[in-house]
Amino acid sequence: MTTNPSELLHGLPLIPQDSDGPVFQAPWQAAAFALAVRLSSDGHFTWKEWTEVFSTEIRSAQGGGETDFDNTYYLYWMNALEQLCEERSLVAHSDLRQRKEEWRQAYLNTPHGKPIELSAALTRGH
Amino acid sequence: MSDSPGEHKHHGHSHGSGEDFTDPPSDIELRVKALESLLVEKGLADPDAIDAVIDTYETKVGPRNGAAVVARAWTEPGFRNWLLKDATAAIASLGYVGAQGEQMRVLENTDKVHNLVVCTLCSCYPWPVLGLPPVWYKSAPYRSRAVSDPRGIIEEFGTHVPETSEVRVWDSTSEMRYLVLPQQPEGTEGWSAEQLVNLVSRNSMIGVEVARSPEAIRSGE
């Protein structure tokens, strides 16, 4: 990773963290964090652009009276990331919705204990 | 064999149909998977690079939540009773809730019973309180030997369970996650929860070790 973690956190003053860096409450939060970090370090957007979109998302949520941030921080993170991916023509919202349902079906079609493969979404009737 | 295989139960994981398929994760988890898989397909993200970022931070999903639960149980009998009776609610009261609302059960170690947690089929793990599972927990040898030779595997972690103690093995499922409540180390009576929390290791809450002694903390173990 070329980007210094402490630089990443600059501009994200509300990020749940301790003295060693960001703290995640669940694995998906670390994945969401990693996606934004990679897309930015690969040049699809600057980190400053990211923090602006994300801050706007958070402000609009706070305008809605939201105060309990710990549980929702990465939910807003994903909202902002999906929006930025759409704006930059990386991934369209409609594709995301469809893919999400394919993953859901893949889980439902996969015996427990087996790895979840997206192709399982297409196998009907077990 | 004094160990009680009766406590060991294989996964159900059925969703009413009687079949053994996998419950999908929460909506937000599916959104993350959707975005990640589309970015990878389009060549806009490299899965190895994403994993590398996650690896950098995954130790940050640490077992501190679980340690806080244990330390509170050691210092507050009322909370301890609640925890043993309704772990899901007691743990949720501290703000530690799984994305899928998994049920939690806390297993109390005593002089007579030592509890060990495993997931024989995959890696079900109480991550809201323990973070991401360690690599060995997901390994095939641990998953099989925790059932066939629990004393042996505990011994390999440097922990000796006396022959007079019964070892109970608990097989996690997607619906039920277990957390071991280790015994409070001797010589820590009157300690505050803030002091005690440092004695509670992740491994002691899986059951492969006991809580650290005050001496171990002092020697910087």
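Lettering follows sequence order; numbering is per chain, from 1.
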Could you check if a side-chain atom of B:Arg31 sits within less than 4.5 angstrom of a side-chain atom of A:Leu96, using non-hydrogen atoms only?
-> no
From B:Leu39 atom CG to A:Cys85 atom SG, the distance as rounded to the nearest 0.5 Å = 5.0 Å
In terms of heavy-atom proximity below 4.5 Å to chain B, should A:Asp95 be classed as side chain, backbone, both, or neither?
-> both
Side-chain contact, heavy-atom cut-off 4.5 Å: A:Tyr107 with B:Asp23?
-> no
Checking A:Glu102, A:Glu101, A:Lys100 against B:Leu30 for side chain to side chain contact (heavy atoms under 4.5 Å, CB included), the one that qualifies is A:Lys100
Identify which part of B:Asp27 has an atom lying under 4.5 Å from any heavy atom of chain A, answering side chain, backbone, both or neither.
-> both
Heavy atoms, side chains only, cut-off 4.5 Å: are A:Gln29 and B:Val32 in contact?
-> no
Lys/Arg-Asp/Glu bridge criterion (N-O < 4.0 Å) met for A:Arg99, B:Glu41 = yes
May I ask you to test the A:Leu118-B:Lys33 pair for a side-chain heavy-atom distance under 4.5 Å?
-> no
Between atom CG of B:Leu35 and atom CD of A:Glu82, what is the distance when rounded to the nearest 0.5 Å?
-> 6.5 Å
Is any side-chain heavy atom of B:Ser37 less than 4.5 Å from a side-chain heavy atom of A:Trp103?
-> yes
Checking side-chain contact (heavy atoms from CB on, under 4.5 Å) for the pair A:His44/B:Leu44: CA distance, chi angles, key distance, verdict?
-> CA-CA 9 Å; A:His44 296 293; B:Leu44 295 168; 3.5 Å; yes
Pick from A:Leu90, A:Asp42, A:Leu81: which one has the most heavy-atom pairs with chain B under 4.5 Å?
-> A:Leu90
